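A short write-up of the structure that comes next.
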Amino acid sequence: GQNIDQPTEMTATEGAIVQINCTYQTSGFNGLFWYQQHAGEAPTFLSYNVLDGLEEKGRFSSFLSRSKGYSYLLLKELQMKDSASYLCAVTDTDKLIFGTGTRLQVFP
Amino acid sequence: EAGVTQFPSHSVIEKGQTVTLRCDPISGHDNLYWYRRVMGKEIKFLLHFVKESKQDESGMPNNRFLAERTGGTYSTLKVQPAELEDSGVYFCASSRVVSGNTIYFGEGSWLTVV
């Protein structure tokens, strides 16, 4: 079956670093996406990993290990505006398979 | 460049009625997707258009749902007759190519069936 697991909720302090983990078991794999979604808004693309390793983009980095079925999203220098849901999604041929999302709350 | 736009943003209808959701993808994006999120669950794939053709409709729940993309531009998703369990957020997304590229989402159409 298709299964994507990520923590339901996380909290962190402004200025800190937080790591959001995602594990997946899917029948196919064409890459892994991370999206950010603020309440009532569209999911916004953050990163895409198809090869093992770390992809860095500003304050956000994403890591992938295909052999372990594991990814994480690393957010540095947290800001209040980073409070949002973070969605892990695996591409299987033409479709995205989503986890339930991790709701991150950043406190001052 | 305009993003993916969806209409209506919110809709409340009674059980048994019909609702039609519309999606305008980003110009030039041949791939158009419909996804749905019901309360407390993950976003789930419904179907995928390449231009006007249905590439994959394996996620469509049942025959009460009909999606069209005449002319390969905008798409509609009709629910007829609507049931209570159809309530949720319906997201449309588009991309230029199928894989290895960014998929852009609209803000979603919130459907409540009462």
Side-chain angles (χ1 to χ4, degrees), chain A residues 1-9 20 22-53 55 57 60 62 64 66 71 73 84-103, chain B residues 1-10 23-26 29-51 53-60 67 88-110 112:
Chain A
Q2 317 275 46
N3 196 45
I4 310 241
D5 285 318
Q6 48 181 133
T8 305
E9 289 193 10
I20 303 174
C22 171
T23 57
Y24 63 90
Q25 288 179 305
T26 55
S27 55
F29 182 84
N30 280 341
L32 187 143
F33 285 84
W34 282 96
Y35 283 86
Q36 179 192 61
Q37 186 180 23
H38 287 98
E41 297 183 9
T44 304
F45 170 82
L46 290 178
S47 68
Y48 172 70
N49 293 68
V50 65
L51 300 176
D52 289 351
E55 295 277 345
K57 191 187 293 185
F60 293 1
S62 58
L64 175 67
R66 288 172 298 170
S71 172
L73 179 70
S85 287
Y86 291 86
L87 310 174
C88 174
V90 170
T91 55
D92 177 10
T93 58
D94 65 333
K95 62 174 81 69
L96 288 172
I97 302 165
F98 282 90
T100 53
T102 299
R103 189 158 73 173
Chain B
E1 179 182 84
V4 178
T5 56
Q6 295 186 242
F7 181 84
S9 58
H10 292 80
C23 169
D24 286 78
I26 293 172
H29 283 194
D30 288 340
N31 295 276
L32 186 149
Y33 310 82
W34 283 99
Y35 287 83
R36 176 174 75 169
R37 184 172 200 164
V38 297
M39 186 69 71
K41 297 287 184 76
E42 69 273 21
I43 298 173
K44 283 195 172 177
F45 169 83
L46 296 178
L47 88 159
H48 169 209
F49 283 100
V50 178
K51 297 185 180 178
S53 300
K54 290 177 185 175
Q55 182 77 12
D56 181 350
E57 53 184 329
S58 60
M60 294 289 264
V89 186
Y90 290 77
F91 290 102
C92 178
S94 72
S95 68
R96 196 173 297 279
V97 296
V98 172
S99 62
N101 199 11
T102 306
I103 300 173
Y104 296 89
F105 281 80
E107 293 190 344
S109 288
W110 293 67
T112 303

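Lettering of chains follows the sequences in order, A, B, ..., and the numbering in each one begins at 1. Remember, it's a predicted structure, so these values are computed and weren't measured experimentally.
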Please identify each residue that fulfils salt bridge (charged side-chain N to carboxylate O under 4.0 Å, His left out) with B:Asp24, with sequence neighbours left out.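 If we apply the salt bridge (charged side-chain N to carboxylate O under 4.0 Å, His left out) test to B:Asp24, skipping adjacent residues, the hits are B:Arg22.
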At what distance, to the nearest 0.5 angstrom, does [atom1] of [X] lie from [atom2] of [Y]?
X        : Y       : atom1 : atom2 : value
A:Lys95  : B:Gln55 : NZ    : CD    : 10.0 Å
A:Ile97  : B:Ile43 : CD1   : CD1   : 13.0 Å
A:Thr100 : B:Arg37 : OG1   : CZ    : 7.0 Å
A:Gln37  : B:Phe91 : CD    : CZ    : 4.5 Å

Need one label for B:Ser58: side chain, backbone, both or neither, based on atoms under 4.5 Å from any heavy atom in chain A.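 The side chain, not the backbone.
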For [X], I'd like to know if atom [atom1] has over 12 heavy atoms of other residues, nucleotides or ligands within 6.0 Å.
X       : atom1 : result
A:Phe60 : CZ    : yes
A:Arg66 : CZ    : yes
B:Lys51 : NZ    : no

Region of A:Leu87 in contact with chain B, defined by heavy-atom distances below 4.5 Å: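 Interface part for A:Leu87: side chain.
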Could you list the residues that satisfy side-chain hydrogen bond (donor to acceptor under 3.5 Å, both in side chains) with A:Ser62, not counting sequence neighbours?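 If we apply the side-chain hydrogen bond (donor to acceptor under 3.5 Å, both in side chains) test to A:Ser62, skipping adjacent residues, the hits are A:Ser47, A:Asn49.
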Which heavy atom of B:Phe105 sits nearest a heavy atom of A:Ala42, and at what distance?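 Closest heavy-atom pair between B:Phe105 and A:Ala42: O-CB, 3.3 Å.
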Would the distance check show the side chain of B:Tyr35 and the main-chain N or O of A:Leu96 forming a donor-acceptor pair, the cut-off being under 3.5 Å?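 Confirmed, B:Tyr35 side chain pairs with A:Leu96 backbone.
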